[in-house]
Protein chains: 2
Amino acid sequence: MQQSPSADRETDALTQLILEVFRLNGSLIAAGDRLVADLGLTSARWQVLGAIALSPTAEPVARLARSLGLHRQGVQRIVNELVAEGIVTLDDNPHHRRAKLVRLTKKGEALYRTAERRQRPWARKLARGIGVKAAVSAHAVLKVVRERLEIEPQMKIEERNTKL
Amino acid sequence: MQQSPSADRETDALTQLILEVFRLNGSLIAAGDRLVADLGLTSARWQVLGAIALSPTAEPVARLARSLGLHRQGVQRIVNELVAEGIVTLDDNPHHRRAKLVRLTKKGEALYRTAERRQRPWARKLARGIGVKAAVSAHAVLKVVRERLEIEPQMKIEERNTKL
DNA sequence: TCCAAATTGACAATATATTGTCAATTTGGA
DNA sequence: TCCAAATTGACAATATATTGTCAATTTGGA
């Protein structure tokens with residue numbers, strides 16, 4: 001089903017964009033790791049910490065994993081490490097005997113705030129001169145693509161484990 | 001060093017964009033895996049295969065890894081598997097006794113073409129209606145950000161192993 | 001109330017990625 | 001020509017991610 005030439009230019013443009021997303025993702029993770037390494041964080045830990053910090057209410061591991069699009073087991077592993085280091089605690093959940101609620105400790109909150117304080121000027125330098133409009137528009141494009149990828153044909157990570 | 005409000009909106013917009021890049025990257029890898037799974041490929045294998053197929057001349061593993069921004073060892077592992085499956089071969093390199101040149105076999109070329117044929121209509125569906133201009137502009141934004149991340153403060157993957 | 005389905009954390013097996021080191025070899029400048 | 005530095009693949013140790021399974025528990029509909 002060959003399309004019009006303009007549709008093909010569109011396809012090519014998106015393909016290039018996708019390749020750039022892969023490259024940028026790699027660079028961002030590497031840069032994030034460097035940014036918080038001396039705090040004992042990694043990009044992965046930071047991401048989990050962020051989900052805990054930003055969630056309006058404390059949540060169990062499985063729910064955090066689901067909302068991050070990560071594997072339950074991977075998040076569990078990270079959370080267990082963070083517990084061992086006194087960065088988060090697992091509190092009893094009045095609504096579920098097994099599913100403990102993950103909460104930041106004082107130390108965890110301080111850690112997250114430190115990382116946040118460091119992230120901002122870093123992002124500011126990266127953002128300089130890009131323009132709100134261009135950034136918002138790029139964001140919109142990526143979001144549309146992601147949403148198209150996520151409709152049906154695909155299953156969520158958790159569903160894969162459960163259903164297959 | 002507090003900036004003007006507009007600079008902060010810019011920072012916020014970029015932060016949102018960055019989070020979206022992480023999410024999209026995950027979705028793309030998952031979708032890519034599904035797209036070529038029945039061909040015996042994964043996103044990682046496909047990426048390596050692409051580097052081999054698109055390079056104007058055959059290259060050794062270390063060079064492929066460098067140009068992909070991946071670890072030499074990871075690419076080596078994938079290439080070894082591809083050799084075992086008859087998808088690529090390691091040919092003698094007249095200029096270097098150890099660094100064999102990775103080349104696609106007939107089978108490998110056919111496989112890559114099959115994957116490519118499948119990728120195009122898939123990308124076309126994803127791209128529909130996005131507009132060349134929006135895609136190109138988004139690409140430009142991501143590229144600028146990546147290039148800023150890659151100047152100095154950071155070392156290339158290979159350099160890290162060698163220099164530290 | 002009851003019970004099948006879904007959720008959850010634990011555990012284990014395996015796959016994959018990362019980090020570090022080494023020796024063979026090539027490269028490039030003195 | 002010579003030799004220090006860089007590149008390269010091999011190997012190994014470890015870290016991390018993925019997949020699969022299970023039992024405890026909760027949920028939601030009959």
* Are OP1 or OP2 of dT25(D) and a side-chain N or O of Arg97(A) less than 4.0 angstrom apart? -> yes
Using Watson-Crick geometry (N1-N3 plus N6-O4 or O6-N4) or G-U wobble (N1-O2, O6-N3), each under 3.5 Å, dT14(D) is paired with dA17(C)
Atom CG of Leu70(B) and atom C1' of dT19(C) are separated, to the nearest Å, by 15 Å
- Query: Does Asp38(A) pair with Arg118(A) as a salt bridge, N-O distance under 4.0 Å?
  - Reply: yes
Q) In terms of side-chain geometry, is the basic nitrogen of Glu81(B) or Arg45(B) positioned less than 4.0 Å from the acidic oxygen of its partner? A) yes
Of the listed dT8(C), dT16(C), dA10(D), the closest approach to the His96(A) side chain comes from dT8(C)
Whole-Å distance, Gln76(B) CD to dC11(D) P, equals 10 Å
As its Watson-Crick or G-U partner within any shown strand, both distances under 3.5 Å, dT26(D) has dA5(C)
Winner on side-chain proximity to Gln73(A), out of dT18(C), dC11(C), dT8(D), is dC11(C)
| Charged N to carboxylate O below 4.0 Å: is that the case for Arg103(B) and Glu109(B)? | no
note: Arg77(B), atom CZ; dC11(D), atom P; distance rounded to Å ~ 16 Å
- Task: Using only side-chain N and O atoms of Arg66(B), determine if any of them is under 4.0 Å from OP1 or OP2 of dT8(D).
- Result: yes
Rounded to whole Å, CG of Asp92(A) lies from P of dT25(D) at a distance of 13 Å
message = Please say yes or no: joined through hydrophobic side-chain contacts below 4.5 Å, possibly via intermediate residues, are Val61(B) and Leu101(B) part of one cluster?
response = no
Compute whether any side-chain donor of one residue and acceptor of the other, for Thr42(A) and Asp33(A), lie under 3.5 angstrom apart.
no
### Message
For dT7(D) and Arg72(B) - does any side-chain N or O of the residue sit under 4.0 Å from the phosphate oxygens OP1/OP2?
### Response
no
Taken to the nearest whole Å, CG/Asn80(A) to P/dA15(D) is 16 Å
Picking from dA10(D), dA17(D), dT8(C), the nucleotide nearest the side-chain atoms of Pro60(A) would be dT8(C)
Leu101(B) atom CG is separated from dT8(D) atom P, nearest whole Å, by 11 Å
Between Pro94(A) and Ile78(A), whichever has its closest DNA chain D nucleotide further toward 5' is Ile78(A)
5'-most contact on DNA chain C (nearest-nucleotide basis), Lys100(A) vs Thr42(B), goes to Lys100(A)
Between CD of Glu59(B) and P of dT7(D) the distance, given in whole Å, is 15 Å
Between CG of Asp33(A) and C1' of dT18(C) the distance, given in whole Å, is 11 Å
Closest of dA17(C), dT8(D), dT8(C) to the Arg98(B) side chain is dT8(D)
His71(B) has its side chain closest, among dT19(C), dT8(C), dA17(C), to dT19(C)
